[in-house]
2 protein chains.
Amino acid sequence: MSVSRSQQKENTRRAIISAALAQLSADKSFASLSLREVARESNIAPTSFYRHFKDMEELGLVLIDECGLALRQLMRKARKRFEKGGSVIVTSVITFMEFTELNPNIFRILFHERSGTTSALRAAVAREIQYFTVELQDYMVVKGFDTEAAYAQAEAMVAIVFNAGAESLDAEPDQREVISQRAITQLRYVAAGAKSLDLLV
Amino acid sequence: MSVSRSQQKENTRRAIISAALAQLSADKSFASLSLREVARESNIAPTSFYRHFKDMEELGLVLIDECGLALRQLMRKARKRFEKGGSVIVTSVITFMEFTELNPNIFRILFHERSGTTSALRAAVAREIQYFTVELQDYMVVKGFDTEAAYAQAEAMVAIVFNAGAESLDAEPDQREVISQRAITQLRYVAAGAKSLDLLV
DNA sequence: TAATTGAGCGTACGAGTGTACGCTCAATTG
DNA sequence: CAATTGAGCGTACACTCGTACGCTCAATTA
């Protein structure tokens with residue numbers, strides 16, 4: 001009945017990570033989360049935390065990684081959806097808004113730590129968003145934009161979508177549809193503007 | 001040589017407010033600022049703080065108000081500038097980027113508390129940004145857009161400008177120009193897109 | 001089987017927190 | 001001039017926090 005040692009360690013590690021994610025909410029940011037709180041929630045002694053992470057910052061980086069992973073999966077999902085037909089913009093916004101509704105805390109941690117107090121976390125979040133942006137940029141390049149115009153367009157779109165996501169976090173459920181529709185309109189402005197001002201050929 | 005009592009009280013109040021603002025930085029958010037730290041910096045006893053504010057949240061709301069005021073003054077400045085001629089978009093972006101460079105902490109508190117942990121502060125920041133957006137919306141309505149299209153356009157522009165401001169906070173000085181130029185490009189996309197898709201007449 | 005390893009625990013410490021309570025003493029009021 | 005008011009202070013208390021240290025005891029290794 002004995003459990004392998006490394007297996008057990010991995011279990012505890014996962015327990016810590018999910019304990020941390022579970023505690024994050026609208027009223028509890030990562031910065032306000034203490035090592036002891038995480039330890040309590042994962043049913044380990046405070047000092048045992050150090051067997052897995054050097055400090056809270058290291059845990060934070062892992063959390064951001066998890067969130068980034070979720071974001072990348074989201075992108076893949078959106079891509080699959082609109083490859084089956086339908087408007088790229090509409091599909092992307094719908095997919096993204098679904099995501100923020102189903103995993104508000106994952107989105108929250110990204111959005112909050114983006115302007116957070118720990119520069120390592122800020123950098124990590126910036127990297128994840130950059131990844132997201134570059135992916136979109138590539139798509140625009142294929143459509144015939146030069147790299148700079150494609151990046152500007154992609155960045156603007158990401159800013160708009162994230163802004164809508166943030167707005168929806170505090171909004172009443174019946175406002176979400178309005179927010180989505182507006183984001184779609186805004187993305188269309190960007191797409192149409194970029195096309196008329198900067199599309200080559 | 002005696003100083004009026006209410007005068008003295010107001011002085012201390014101002015001291016508390018500036019002490020708080022002075023302590024905020026890239027590494028110190030309002031949430032991580034303690035009552036005792038503020039008291040120390042303002043040269044009063046911790047308990048004297050309560051003679052002026054019910055708790056830190058009340059101070060936070062006042063700080064957001066101050067920042068909102070600064071933001072509104074900024075808008076007026078931009079307006080004056082471009083009424084003297086020149087591109088509205090270019091002037092606005094330049095004015096805004098000047099602001100974030102000269103008062104990084106004021107911008108930081110707004111940007112950070114927007115996704116913060118205290119719902120009252122989040123609401124207060126949202127209100128200030130909303131004010132900013134509506135002001136821009138009015139301008140678009142005058143240009144001939146209907147109210148909804150004008151709001152969508154204004155909101156997108158605010159999201160883009162704030163995004164650029166946030167980016168510039170962590171950027172090297174020589175990157176600021178690139179960020180500004182990109183923001184200008186992005187705003188032009190929105191303006192051109194909105195014009196071609198939604199402009200009446 | 002005997003020795004080693006290492007995850008997890010309990011204790012303990014110093015530092016920092018918010019705030020209750022009661023005092024002082026100068027400005028204000030009557 | 002006497003009484004009242006209230007900003008500011010010091011003390012004190014009951015927390016929470018991160019983490020240093022040394023132990024245990026099951027899984028692993030040799």
Side-chain angles (χ1 to χ4, degrees), chain A residues 1-25 27-63 112-113 116-121, chain B residues 1-25 27-63 112-113 116-121:
Chain A
M1 259 280 108
S2 71
V3 181
S4 109
R5 216 169 194 193
S6 57
Q7 180 61 260
Q8 180 53 46
K9 173 156 188 179
E10 183 56 21
N11 289 348
T12 306
R13 187 188 145 90
R14 294 303 317 171
I16 292 174
I17 293 174
S18 11
L21 277 176
Q23 303 216 356
L24 295 174
S25 71
D27 307 311
K28 192 98 202 153
S29 75
F30 179 73
S32 70
L33 189 60
S34 77
L35 183 153
R36 286 175 105 106
E37 280 175 306
V38 175
R40 264 196 300 276
E41 180 90 0
S42 11
N43 297 310
I44 59 169
T47 49
S48 300
F49 178 91
Y50 297 108
R51 299 286 181 203
H52 304 273
F53 302 99
K54 189 175 137 284
D55 51 25
M56 284 295 283
E57 180 174 321
E58 200 172 291
L59 172 60
L61 289 172
V62 171
L63 290 187
H112 189 246
E113 293 313 319
T117 238
T118 321
S119 76
L121 290 193
Chain B
M1 256 280 113
S2 74
V3 181
S4 112
R5 218 169 193 193
S6 57
Q7 180 60 261
Q8 180 52 45
K9 175 157 186 178
E10 183 57 20
N11 289 348
T12 307
R13 188 187 145 90
R14 294 305 316 172
I16 292 174
I17 293 174
S18 14
L21 278 176
Q23 303 215 356
L24 294 174
S25 70
D27 307 311
K28 192 97 202 155
S29 75
F30 178 73
S32 70
L33 189 60
S34 77
L35 183 154
R36 288 176 105 107
E37 280 176 306
V38 175
R40 264 196 299 277
E41 181 90 0
S42 10
N43 296 311
I44 59 168
T47 49
S48 299
F49 178 91
Y50 297 108
R51 300 285 182 202
H52 303 273
F53 303 98
K54 189 176 137 282
D55 51 26
M56 283 296 283
E57 182 174 321
E58 201 172 289
L59 172 59
L61 289 172
V62 172
L63 290 187
H112 187 81
E113 293 313 320
T117 238
T118 321
S119 75
L121 291 193

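What you see below is based on every heavy atom in this structure, not just the backbone, and it leaves out hydrogens, waters and symmetry mates. Numbered from 1 within each chain, the chains take letters A, B, ... in sequence-line order.
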Problem set entry | Which residue lies more 5' along DNA chain C, comparing B:Ser6 with B:Glu37 via nearest heavy atoms | B:Glu37
Problem set entry | Donor-acceptor pair, side chain of B:Thr118 and main chain of B:Ala120, under 3.5 angstrom | no
For this session: Supply the atom-to-atom distance B:Met56 CE to B:Phe49 CZ, rounded to the nearest 0.5 angstrom.
Result: 5.5 Å
For this session: Check the distance between C:dG8's C1' and A:Asn43's CG and give it to me in whole angstrom.
Result: 13 Å
For this session: Would you indicate what B:Glu10 reaches in the nucleic acid, counting non-hydrogen atoms under 4.0 angstrom: base, sugar-phosphate, or nothing?
Result: nothing
Problem set entry | Donor/acceptor link under 3.5 angstrom from A:Arg5 side chain onto base of D:dT29 | no
Seminar exercise, completed: B:Tyr50 has its side chain closest, among D:dG18, D:dG8, C:dG18, to C:dG18
For this session: Return the nearest nucleotide to the side chain of B:Thr47; candidates are D:dA20, D:dG18, C:dC21.
Result: C:dC21
For this session: Would you classify B:Gln7 as touching base, sugar-phosphate or nothing, given that sugar-phosphate means primed atoms plus P, OP1 and OP2, and contacts are heavy atoms under 4.0 Å?
Result: nothing
Exercise. Is a side-chain N or O of B:Gln23 found less than 3.5 angstrom from the main chain of B:Glu37, in a donor-acceptor match?
Worked result: yes
Exercise. Okay, side chain of A:Ser4, backbone of A:Gln7: is any donor-acceptor separation there less than 3.5 Å?
Worked result: yes
Seminar exercise, completed: From CZ of A:Phe49 across to P of C:dC9 the rounded distance in Å is 14 Å
Exercise. Checking all strands, does B:Arg40 fall into the base, sugar-phosphate, or nothing category for heavy-atom contacts under 4.0 angstrom?
Worked result: sugar-phosphate
Exercise. Can you check whether B:Phe53 reaches B:Val62 side chain to side chain, under 4.5 Å on heavy atoms?
Worked result: yes
Exercise. B:Asn11 has an atom CG; how far is it from atom P of C:dA26, in whole Å?
Worked result: 18 Å
Exercise. Is there side-chain contact between A:Asp55 and A:Glu58, with at least one heavy-atom pair below 4.5 Å?
Worked result: yes
Exercise. Which parts of residues 51-62 of chain A get close to DNA chain C, meaning a heavy atom less than 4.0 angstrom away?
Worked result: A:Arg51, A:His52
Seminar exercise, completed: Side-chain contact check for B:Ser4: nearest option of C:dT19, C:dT28, D:dC9 is C:dT28
For this session: Say whether, by atom type as modelled, one donor and one acceptor occur between the side chain of B:Lys9 and the main chain of B:Arg13 under 3.5 angstrom.
Result: no
Exercise. What is the distance, rounded to the nearest whole Å, between atom CD1 of A:Ile44 and atom C1' of C:dG8?
Worked result: 8 Å
Exercise. D:dC17 C1' sits how many Å from A:Arg36 CZ, rounded?
Worked result: 6 Å
Exercise. Do the side chain of A:Ser42 and the main chain of A:Ile44 share a donor and acceptor less than 3.5 angstrom apart?
Worked result: no
For this session: Could you state the atom-to-atom distance from CG of B:Leu33 to C1' of C:dG16 in whole Å?
Result: 14 Å
Exercise. Reckon B:Thr12 has a side-chain N or O less than 4.0 Å from the OP1 or OP2 of D:dG8?
Worked result: yes
Exercise. Contact class for B:Ser34 (heavy atom, under 4.0 Å): base, sugar-phosphate, or nothing?
Worked result: sugar-phosphate
For this session: Let me know the distance between CZ of A:Arg13 and C1' of C:dA7, rounded to the nearest Å.
Result: 15 Å
Problem set entry | Whole angstrom value for the distance that separates C1' of D:dT16 from NZ of A:Lys28 | 11 Å
